[in-house]
Amino acid sequence: RPVAEAHVAAMAAPAAGGGRAKAGGTFSFSNLRFILVLLIICGFASVVFLMSPAHGGASSSPRRAVRGSRWSAQAPVHGQTEDADEDDDEDDYEEGVGTAQETPRSRQQRPAALPVVVVAGKAMPKGQDLPAPPAASLLSMDERLAQGKLIFLFMLQDGLPHADLWKAFFAGAPRSSFRAFAHCSKPEPCRQSKAFAELGIELVRSVPSKWCSDLVSPSWQLLDTALRADEGGSKGEPQKFVLVSDSTLPVQTMSRMRQVLLKTDHSDLCISPRNEWAAVSIFGITYSIVKHHQWAVLNREDAEAFAKAWPMSSSYSSLWKNGVLDLAAGDYKWNLPRMGPDGKANLSATIARSLIPAPGRCPDEEAFTSLIFGLHEGGTDAMWQNIIDRSVCRTYVNWNCKNPPEVFSKMTDKLRELMRDTSEKAYLFARKFKKDASLKELKAFHQKASSELV
């Protein structure tokens, strides 16, 4: 304070000299203007540094959302019309009201406010080294089969259709070789059903869900519960997490399915053609959401990445009131991370999903690729191609029919063809099956395979 007072006195001294008062005042104003200009320049430089990809591309402020006409799409937007593979008939785990019921654990609390951050910066250098895909462990195939485990995650409404066929599928397989969990949008009928106890399927706590608005939260509930319940995979034992709908049935035997899925350590995501990816241009960078089918097979690393990212990226849980979601399809309440230099989603650099126009697009067809790997943008082509090349569609569905998708009410030649396929990229499941479909041949197929294992 004494130093500051001395400085003020020195500045005021020329004014006492009469003729110097004007000159002294002018000098003081010029200094002030210079300081203000310097502060503005420094502030701008700091913002540029914080927004740069090298710094993570994210602002520390949760309110940094850019809105208005400036953020309208500046590049062609893919997938704005209803795609051929949009499952919009709503008969497949379409909608339901869940209440807090059966669960081995309480659900993780999500943030009340959604941090929306729009980032800009340079694209990833094209010459950057690509991260290696998940390498197979040093275990032999026999060891992988002996130690590996498949975790089946059923997304159901009020029960398990064709429970007798699933019983034939699981019969004969060692109990330690698989585990199963189910989420029911209508939990009370599921709790009263004997099928789950007979098959060893554990019911997870039901959470609210709505077709095409939020089917991701039930998927998260299943994966998060399964990961916490089974720690074996964290110790290096091969694990695959298999998402199954209530209209899906296995067309390969349990033995064959284990051989196919446990042979590698990578996930199988059925990725849609590029012309179906929603995209937008921001600050000259085109960001695309890599669309995928909902029914995926995840390795433990990717399942853990998704389980961590969804609560951090979404605010759907805060929008439910009395079991009802007051949100229309296409009103998105989650953030999309950019892909980091390691080929994984960078959760500190995100873009609001609402900034990328794609009316009618369902979050469950975007969440896995986005929250595990991130957005597609300049410089990430090679990494995305690696992911696409090693991914395989494991659930068959027919959209090339008169009233797509095809709904099976009985055995067909196509189903028999799928059952005979022994290739490495064979479909393991098929959908959609009617609840009263006549499938004696498929059931006998699994009974025969199971009896040979006993």
Side-chain angles (χ1 to χ4, degrees), residues 87-98 101-102 150-171 173 178-204 206-207 209-211 215 218-219 221-222 226 241-254 257 293-297 364 394-398 401 403-412 414-416 418-419 427-447 449-450:
D87 193 353
D88 61 355
D89 53 9
E90 301 191 24
D91 68 340
D92 196 16
Y93 191 77
E94 73 284 4
E95 183 175 355
V97 177
Q101 300 293 340
E102 317 265 339
L150 300 184
I151 297 94
F152 295 87
L153 307 174
F154 292 90
M155 289 182 62
L156 310 173
Q157 295 182 55
D158 55 4
L160 179 64
H162 302 288
D164 57 336
L165 196 150
W166 281 107
K167 185 177 181 179
F169 170 75
F170 287 123
F178 73 93
R179 199 163 179 179
F181 298 85
H183 179 281
C184 296
S185 61
K186 301 173 183 176
E188 189 59 33
C190 288
R191 287 200 303 271
Q192 296 176 2
S193 172
K194 296 180 180 179
F196 296 97
E198 292 175 354
L199 295 173
I201 300 176
E202 303 168 55
L203 294 177
V204 306
S206 295
V207 296
S209 58
K210 186 175 182 180
W211 181 82
L215 290 183
S219 299
Q221 185 77 345
L222 281 165
F241 296 80
V242 186
L243 283 156
V244 183
S245 79
D246 60 353
S247 67
T248 297
L249 289 172
V251 292
Q252 294 281 333
T253 66
M254 178 64 149
M257 196 174 294
H293 289 217
Q294 180 182 4
W295 311 109
V297 178
D364 50 81
R394 293 301 186 184
T395 299
Y396 171 83
V397 61
N398 179 23
C401 56
N403 296 306
E406 180 178 5
V407 179
F408 297 104
S409 59
K410 60 181 181 179
M411 291 297 298
T412 66
K414 181 60 183 181
L415 291 174
R416 296 184 182 96
L418 297 176
M419 293 161 60
Y427 288 107
L428 305 178
F429 303 90
R431 55 184 289 264
K432 297 171 164 257
F433 288 91
K434 295 183 67 174
K435 290 184 178 181
D436 59 351
S438 177
L439 302 170
K440 293 181 180 180
E441 184 179 342
L442 182 58
K443 179 180 177 180
F445 170 73
H446 289 297
Q447 287 176 327
S450 295

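Numbers here simply count residues along the sequence, with the first being 1. Predicted, not measured: the structure shown is a model, and the values here were computed from it.
When the options Phe170, Phe169, Trp166 are evaluated for a side-chain contact (heavy atoms from CB on, under 4.5 Å) with His446, the one that passes is Phe169. When the options Gln157, Arg431, His162, Lys432 are evaluated for a side chain to side chain donor-acceptor pair (under 3.5 Å) with Asp246, the one that passes is Gln157.
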Dump the intermediate steps for side-chain contact (heavy atoms from CB on, under 4.5 Å) on Asp164 and Lys443, then the final yes or no.
CA-CA 8 Å; Asp164 57 336; Lys443 179 180 177 180; 3.3 Å; yes

Working for side-chain contact (heavy atoms from CB on, under 4.5 Å), residues Leu415 and Phe433
CA-CA 11 Å; Leu415 291 174; Phe433 288 91; 3.8 Å; yes

Please report the C-alpha distance between Met419 and Met411 in whole Å, then the side-chain angles of each, then the deciding distance to 0.1 Å, and finally whether the side-chain contact (heavy atoms from CB on, under 4.5 Å) criterion is met.
CA-CA 11 Å; Met419 293 161 60; Met411 291 297 298; 3.6 Å; yes

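Distance check, rounded to the nearest 0.5 Å: OG of Ser193 to CG of Asp158 gives 9.5 Å. Here the straight-line distance linking atom CZ of Phe445 with atom OG of Ser450 works out to 10.0 Å at 0.5 Å rounding. Atom CD of residue Glu202 and atom NE2 of residue His183 lie 15.0 Å apart, to the nearest 0.5 angstrom. Atom OG of residue Ser185 and atom CG of residue Leu156 lie 8.0 Å apart, to the nearest 0.5 angstrom.
Leu249 is listed as a side-chain neighbour of Leu165, based on a closest heavy-atom distance under 4.5 Å. Under the 4.5 Å side-chain criterion, counting only non-hydrogen atoms from C-beta, Pro250 is in contact with Met257. At least one side-chain heavy atom of Phe178 sits under 4.5 Å from a side-chain heavy atom of Met254. Using a 4.5 Å heavy-atom threshold, the side chains of Ile201 and Leu160 count as touching. Within the 4.5 Å cutoff, no side-chain heavy atoms of Leu243 are placed close to those of Gln294. Using a 4.5 Å heavy-atom cutoff, the side chains of Met155 and Ser245 are not in contact. Contact annotation: the side chain of Phe196 approaches that of Cys184 to within less than 4.5 Å [non-hydrogen atoms, C-beta and beyond]. Phe241 has its side chain out of reach of Leu150: every pair of non-hydrogen atoms, C-beta onward, lies at least 4.5 Å apart.
Of all non-hydrogen atoms in Val251 and Leu442, the two that sit nearest each other are CA-CD1, 4.5 Å. Considering every non-hydrogen atom in both Ala163 and Leu199, the closest pair reads O-CD1, 4.1 Å.
A salt bridge does not link Glu406 to Lys414: none of the charged side-chain nitrogens sits closer than 4.0 Å to a carboxylate oxygen. Using a 4.0 Å cut-off between a side-chain N of Lys or Arg and a carboxylate O of Asp or Glu, Arg416 and Glu441 qualify as a salt bridge.
Ring centers of Phe181 and Phe154: at least 6.0 Å apart, outside the cut-off.
Ring geometry, Phe152 versus Phe429: the interplanar angle exceeds 60°, so the pair is classed perpendicular (tilted spans 30 to 60°).
At distances below 3.5 Å, at least one donor-acceptor pair connects side-chain atoms of Ser219 with backbone N or O atoms of Leu215.
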